[in-house]
Structures are given as structure tokens and as C-alpha cells.
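Single-structure report; data block below.
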2 protein chains.
Amino acid sequence: MSAGHTAVTTEPVVTCGGEDCGIRGVLDRIGDKWSVLVVVELAQGVRRFRQLQRAIPGISQRMLTLTVRRLERDGLITRTVHPMVPPQVDYELTAMGHSLTYLVKALADWSAEHQDAIARARERWDEANPGSGIH
Amino acid sequence: MSAGHTAVTTEPVVTCGGEDCGIRGVLDRIGDKWSVLVVVELAQGVRRFRQLQRAIPGISQRMLTLTVRRLERDGLITRTVHPMVPPQVDYELTAMGHSLTYLVKALADWSAEHQDAIARARERWDEANPGSGIH
DNA sequence: CTGCATCCCGGGCGATACTG
DNA sequence: CAGTATCGCCCGGGATGCAG
């Protein structure tokens with residue numbers, strides 16, 4: 001590593017290197033737009049299908065179904081069917097799902113802390129590179 | 001990571017609720033498959049275009065270009081062109097980019113800690129739901 | 001080596017309609 | 001209310017070719 005520079009200090013140096021450790025599998029999940037929103041909503045408590053859909057404005061019924069299925073498959077949430085009419089299905093975070101909320105929290109914190117800087121950087125870049133088509 | 005209290009009860013309660021805070025903008029970036037890998041690679045030091053491409057096996061030249069452009073636009077990396085022949089372009093993390101590596105580190109840690117449990121959960125689920133088509 | 005333009009395909013995702 | 005099935009569009013992104 002390039003030494004002789006100012007206090008570079010401690011790089012996190014992601015353990016797994018640039019290859020594919022377990023990060024990919026996790027990113028495919030939490031990197032997913034809807035998954036994160038569902039987890040965030042469930043972090044507040046048990047929710048029914050319709051409740052989730054109403055709490056997450058843009059989501060289609062199809063995507064919500066797929067999303068909760070995948071989260072359930074990964075062991076991040078539980079799906080409880082109550083045999084009644086009309087049907088009722090409750091979704092709830094598992095212990096692992098709860099632990100994930102802390103990661104999401106860290107994400108939200110970092111976002112809150114840097115979103116302004118990012119927004120300004122984008123403005124400057126767009127101004128310096130008109131019609132680049134990058135987004 | 002602040003006082004994590006013991007488990008249960010204390011939900012992180014992501015500040016922004018289920019709507020769209022700055023999380024989305026950040027997720028669109030770090031949630032991106034290639035962006036994370038580029039950041040991880042650059043966390044180890046300055047890299048040239050070809051170096052990055054070689055360090056990230058599956059990436060196409062097109063996607064690498066798009067990825068570094070977007071990261072540059074967001075102010076996460078710098079792009080330095082050295083007027084020489086053959087051309088040389090160096091990419092390096094900015095201060096903000098470095099701070100992001102800590103988030104990625106947290107991500108990698110969580111992944112390492114739970115990937116086994118997730119893998120097992122998936123196996124169990126797939127076994128209980130044959131031919132579901134979910135992934 | 002670095003980077004842009006073009007072509008083109010697969011699949012992700014929304015919209016809609018139907019069942020229990 | 002909860003969920004499945006089907007259709008169709010759009011675009012992400014790989015492959016290739018060309019330029020500086």
C-alpha cells in the first residue's frame with residue numbers, strides 16, 4: 001500500500017477483497033429498492049399485506065408479493081396466515097431481520113449526513129458536463 | 001455504532017420512515033452491484049482504468065465507464081487524466097468516498113455474520129416450497 | 001490505454017384480470 | 001383481503017466497432 005502520505009490511517013479494507021464474498025447475496029437483497037422499504041416498515045411492528053402496500057406508495061401488488069416472499073425465503077421476515085374470512089396475513093421481522101435494521105440505520109445515517117454534499121457534487125458535475133446523459 | 005442496548009424493544013426506527021429520504025439516492029448508488037466493487041477496489045489505493053477492469057472480473061468496459069462516471073458525479077471518487085501517450089487516467093476515492101468504505105465494511109461484516117444463516121434459510125424454504133420460481 | 005456510439009437481447013417490473 | 005397468472009413495455013447492460 002502507498003505509504004509515505006499524510007495520516008491515511010485505518011482503511012476498513014473490506015475483508016473479502018473485490019471478488020464475490022457474501023456481500024453480493026446481501027446486496028441483491030438490501031440493495032433492492034423495495035426490500036429496504038419493507039424492512040423499514042416492519043421495523044415498526046407487525047404489518048398486514050395491505051398495510052405494507054399502503055405504507056409504501058409506489059409499490060405494485062406484484063412487487064410487494066415478490067419482495068415479501070424473498071425476504072421470507074432469506075429468513076428475514078415471517079409470514080403468518082390466519083385462517084379467517086376475509087383472509088389475514090401478518091408479516092414480522094425475525095431476529096435476523098431485526099439485526100438488519102441496524103445496518104439500514106447506518107445506511108440512513110450515512111445518507112442523511114452526506115446527501116447534501118452529494119446533491120451539490122451532482123449539481124457541479126452536471127454544470128461542468130452538460131448533456132452527458134449520466135445519471 | 002451507538003449503544004446497541006440489548007436486543008428486543010429498541011428498534012433503530014429509521015428516521016425517514018417508509019417514504020423516500022436520502023436513502024434512495026444512496027441505495028441507487030451503493031446498492032449497485034458494480035459501484036460497491038469499484039469502491040472496495042479503490043479503498044486499497046489509486047487505480048487506473050484497466051487495473052479496475054482487471055480487478056473486477058465480470059465487469060464490461062461499458063459498465064465500468066458508466067460506474068466511475070456516476071461515482072465521480074456523486075463526488076465519491078476523483079478522475080485524473082494524465083496527458084501522455086498512451087493515455088493514463090487515475091481514479092481515487094475522495095474523503096466522502098473513504099467514509100463510504102466504512103459503510104461497506106459494515107455491510108461486509110453483516111454479510112459474513114449472517115450469510116450462513118441466510119443460506120440455510122433459503123435451503124429450508126426451497127425445500128418446503130418446491131418449484132416456486134422465487135429467487 | 002481510455003472512452004464513446006451503436007446494436008440488440010433478456011428479463012425486470014407495472015398493469016390488468018381472475019381466484020379463494 | 002391476499003395472492004396468482006398473463007401480457008407487454010421498457011431499459012439495463014453485454015458485445016462490438018471506432019476514435020483520440
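Every heavy atom of this structure was used, including side-chain atoms; hydrogens, water molecules and symmetry mates were not. Per chain, numbering begins at 1; letters A, B, ... match sequence-line order.
A donor-acceptor pair shorter than 3.5 Å cannot be found between the side chains of B:S132 and B:N129.
For the pair B:Y91 and C:dC1, the criterion of a side-chain N or O lying under 4.0 Å from OP1 or OP2 is not met.
Positionally, the nearest nucleotide of DNA chain D for A:P86 lies more toward the 5' end than for the other of A:P86 and A:R69. Mapped onto DNA chain C by nearest heavy atom, B:H135 and B:V81 fall at different nucleotides, with B:V81 at the one closer to the 5' end. Comparing B:Q88 and A:R62 by the nucleotide of DNA chain C whose heavy atom lies nearest to each, the residue mapping closer to the 5' end is B:Q88.
A donor-acceptor contact under 3.5 Å is formed by the side chain of A:Q61 with the base of D:dG3.
Across all strands shown, A:R50 has heavy atoms under 4.0 Å from sugar-phosphate atoms exclusively, and none from any base.
Note on A:M96 and A:V46: separate hydrophobic clusters, where clusters join Ile, Leu, Val, Met, Phe, Trp and Tyr whose side-chain heavy atoms are under 4.5 Å apart, directly or indirectly.
To the nearest angstrom, P of D:dT4 lies 14 Å from CE of A:M63.
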Using distance only, find each side-chain donor-acceptor pair of residues 80-91 of chain B under 3.5 Å and give its atom names and separation, not counting sequence neighbours.
residue : atom : partner : partner atom : Å
B:Q88   : NE2  : B:D90   : OD1          : 3.3
B:Y91   : OH   : B:R79   : NE           : 3.4

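When each of C:dT2, D:dG14, D:dG3 is scored by its nearest atom to the side-chain atoms of B:P87, the top-ranked nucleotide is C:dT2.
A salt bridge links A:D109 to A:K105: one of the charged nitrogens lies within less than 4.0 Å of a carboxylate oxygen.
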